[in-house]
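Here's the structure we're looking at; comments come further down.
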Amino acid sequence: MPSSPRLDSPAPDFTLPGGVLKDGEFVRADYASAEHRGAPLVLAFYPGDDTAVCTKQLCSYSSGLEAFTGLGAQVWGISPQDVDSHEAFARRHDLRFPLLADVDRRVAREYGIAAPGIGLRRAVFLLTPDGTVGWKHVSLLGATYQSLDTLTARLAELAES
């Protein structure tokens, strides 16, 4: 398995199918990381839709979405479930950012977080506007997650550097 990309190194580019809940409609699209250059991007890898810790994590990011957008950043949630599962999850919890389907775990492998038995490790990568890894956290167990406050503080630090 490849190792996780190092800080200040280029983040692996990818395109994944996904969707976002907008005005009650789940809008499906392909999401390409390379097309997002010019603004910070938060990649929140999570093991599964509708699991206890993942639900708490993504709901906290969604309810605090303005803190991310206030720093010019978008948040993308990425997990191995398909887009239909993501749509049900987004609707059930009113998640307001894109959820991407890494069904074959290719992107998880490229980011060095694929894990036998659980699919992927809970991880967050903050990508800078030029597409490099500015900050990252990869959980060993995945029972906890990085808070909204931690992530927005790191984004603010990256913007100042």
Where do [X] and [Y] come nearest, in terms of heavy atoms and distance?
| X | Y | answer |
| --- | --- | --- |
| Ala67 | Leu148 | CB-CD1, 4.2 Å |
| Gln81 | Gly48 | OE1-CA, 3.3 Å |
| Pro5 | Pro10 | CB-O, 4.4 Å |
| Tyr111 | Pro12 | OH-O, 2.9 Å |
| Pro40 | Leu155 | CB-CD2, 3.9 Å |
| Gly119 | Arg105 | CA-NE, 3.1 Å |

Exercise for the section: Test Leu16 against Arg106 for side chain to side chain contact (heavy atoms under 4.5 Å, CB included), laying out the working first. Expected result: CA-CA 10 Å; Leu16 288 173; Arg106 177 186 52 81; 4.1 Å; yes
Any side-chain heavy atom of [X] sitting closer than 4.5 Å to one from [Y]?
| X | Y | result |
| --- | --- | --- |
| Pro80 | Leu120 | yes |
| Phe97 | Val42 | no |
| Leu43 | Leu41 | yes |
| Thr55 | Phe89 | yes |
| His93 | Leu95 | yes |
| Leu127 | Val133 | yes |

Practice task
Evaluate the side chain to side chain contact (heavy atoms under 4.5 Å, CB included) criterion for residues Arg96 and Ser62: first the C-alpha distance (whole Å), next the side-chain angles of each, then the deciding distance (0.1 Å), finally the verdict.
Solution key: CA-CA 6 Å; Arg96 302 179 294 139; Ser62 183; 3.6 Å; yes
Inter-residue atom distance [X].[atom1] - [Y].[atom2], 0.5 Å rounding:
| X | Y | atom1 | atom2 | value |
| --- | --- | --- | --- | --- |
| Leu99 | Ser85 | CG | OG | 9.0 Å |
| Arg122 | Cys54 | CZ | SG | 4.0 Å |
| Leu58 | Tyr46 | CG | OH | 5.5 Å |
| Ser33 | Ile78 | OG | CD1 | 8.5 Å |
| Glu110 | Ser4 | CD | OG | 12.0 Å |

Problem - For His137, side chain to side chain donor-acceptor pair (under 3.5 Å) partners two or more places apart - result: Gln146
Handout entry: Residue list, side chain to side chain donor-acceptor pair (under 3.5 Å) with Glu87, at least two apart or on another chain
Key = Arg28, Arg91
Handout entry: Ring geometry between Phe125 and Phe45 (parallel below 30°, tilted from 30 to 60°, perpendicular above 60°)
Key = perpendicular
Practice task
Sorted by first residue and then second, give each salt bridge (charged side-chain N to carboxylate O under 4.0 Å, His left out) pair with at least one member in residues 34-45; sequence neighbours left out.
Solution key: Asp13-Arg37
Exercise for the section: If a pair satisfies salt bridge (charged side-chain N to carboxylate O under 4.0 Å, His left out) and one of its residues is in residues 47-63, list it, with sequence neighbours excluded. Expected result: Asp50-Arg92
Problem - Arg154/Glu157 salt bridge by N-O under 4.0 Å criterion - result: yes
Handout entry: For Pro98, side chain to side chain contact (heavy atoms under 4.5 Å, CB included) partners two or more places apart
Key = Val20, Tyr31, Trp76, Leu100
Practice task
Under 4.5 Å between side-chain heavy atoms, chaining through other members, with only Ile, Leu, Val, Met, Phe, Trp and Tyr counted: pull out the rest of the cluster around Leu21, sorted by chain and number.
Solution key: Phe26, Val83
Exercise for the section: Please test Lys136 against Leu7 for side chain to side chain contact (heavy atoms under 4.5 Å, CB included), starting from the C-alpha separation and ending with a verdict. Expected result: CA-CA 8 Å; Lys136 67 180 180 176; Leu7 293 181; 4.2 Å; yes
Handout entry: Between Asp149 and Ser147: side-chain donor-acceptor atoms closer than 3.5 Å
Key = no
Handout entry: Verdict with supporting geometry, Val124 and Leu151, side chain to side chain contact (heavy atoms under 4.5 Å, CB included)
Key = CA-CA 9 Å; Val124 177; Leu151 297 179; 3.7 Å; yes
